[in-house]
Student: 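One structure, pasted below without further comment.
Only a predicted model underlies this, so the values are computations on that prediction, with no experimental measurement involved.
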Amino acid sequence: MFQDGRRLRTEGFTVKATMKNSVVAGPPAAGAFRERPSRPTTFRKFYERGEFPMALEHNTKGNHIAWKVEIEKLDYHHYLPLFFDGLCETVHPYEFFARQGVHDMLEHGGSKIQPVIPQLIIPIKNALNTRNRQVICTTLKVLQHLVMSGDMVGEALVPYYRQILPILNIFKNMNINSGDGIDYSQQKRENIGDLIQETLEVFERYGGEDAFINIKYMVPTYESCMIN
Amino acid sequence: MMSCATGSDSKPKSMSRAKTWTAEVENLFRFQQAGYRDELEYIQVKQGASIDKWPETGFVKKLQRRDNTFYYYSRKRECKDDEVHKVKVYVH
């Protein structure tokens, strides 16, 4: 295409680029922050089949799930990975039931959570990999809850930092520089940069003595919140 | 307020709205979310069932609703400031 009659815009490393009257355009965006579509989740399939022990009531304004059985009696190896799988969801009702289900199970799981950790890594990684801001926020809050949910859970997560932290590294600087203006997303805890910083600090606090060096390896700009 | 109730099917004498948040209001909020007036009614309906509470705060942890499904509550405060006025405090 000719600009102002004479200049030719062209891509780099082509024959045209060597011509005197051409202007070389920069490379296109790599798309590290671009949202990626997620495939239909297993959670959705199970939900639509009605295989979860929850009473599906859509009328209440409340933010609770009515469980048909006691959470303490659930098979965590089966259900917890399924609920984590639903973290990729962005639409109601799937999103609500997955998020609330995870929080309920983590809050009442105690010692049953730690053995399930290896099965949770792939769903967590998938959720973060969608790079959808809302999904990342939910997943970060779930990760914080997960680490604090039981003994040795934080330590059990350390070997899997390689899977989880790369995305956190990409989004770590996604912060609004609003000067002295008010950032309203802060109050709702939806500011991704702040949430990531918070999550990494929780990881370090609960991850035992190897946590910091492993975090630093994956997120080089992270500074310890404990060594000082 | 619950100490003077002795009859098994005692109807509350009066009702008022909560003004400020207290631990007691928090628990009433939880009972009312599950569809009961208060602890007394819950025990009446569930025939003296024990109530699970969080050890640190004393907040109600788990309630069985009238349709036998379960509601689970957080160990942290759930009744936000803008919901305090919805809580009904019954006097027996």
Student: Are more than 12 heavy atoms, taken from residues, nucleotides or ligands other than Glu209(A), located less than 6.0 Å from that residue's CD atom?
Tutor: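 Count not over threshold, so no.
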Student: Enumerate by number any residue of residues 100-117 of chain A whose heavy atoms lie under 4.5 Å from heavy atoms of chain B; in the absence of such residues, state 'none'.
Tutor: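 Against chain B, the residues of residues 100-117 of chain A that fall inside the cut-off (heavy atoms, under 4.5 Å) are Asp104(A), Glu107(A), His108(A).
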Student: Non-hydrogen atoms of chain A under 4.5 Å away: do they reach the side chain of Gln64(B), the backbone, both or neither?
Tutor: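 Neither part, no heavy atoms under 4.5 Å.
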Student: Tell me whether Tyr206(A) at atom OH has more than 12 heavy atoms from other residues, nucleotides or ligands lying less than 6.0 Å away.
Tutor: no
Student: CZ of Arg66(B): more than 12 outside heavy atoms within 6.0 angstrom?
Tutor: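 Yes.
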Student: Would you say that Trp67(A) contacts Lys62(B) through its side chain, given a criterion of any heavy-atom pair below 4.5 Å between the two side chains?
Tutor: no
Student: Rounded to the nearest 0.5 Å, what's the gap from CZ on Arg65(B) to NE2 on His64(A)? Could you check?
Tutor: 10.0 Å
Student: Heavy-atom count around Arg39(A) CZ within 6.0 Å, excluding the residue itself: above 12?
Tutor: no
Student: Restricting to non-hydrogen atoms, name the atom on Lys68(A) and the atom on Phe70(B) that form the minimum distance, rounded to 0.1 Å.
Tutor: O-CE1, 4.1 Å
Student: Taking atom NZ of Lys88(B) as the centre, does the number of heavy atoms from other residues, nucleotides or ligands within less than 6.0 Å exceed 12?
Tutor: no
Student: Check whether more than 12 heavy atoms from other residues, nucleotides or ligands sit under 6.0 Å from atom CZ of Arg77(B), and answer yes or no.
Tutor: yes
Student: How about Lys125(A): does its NZ atom have over 12 heavy atoms from other parts shown lying under 6.0 Å from it?
Tutor: no
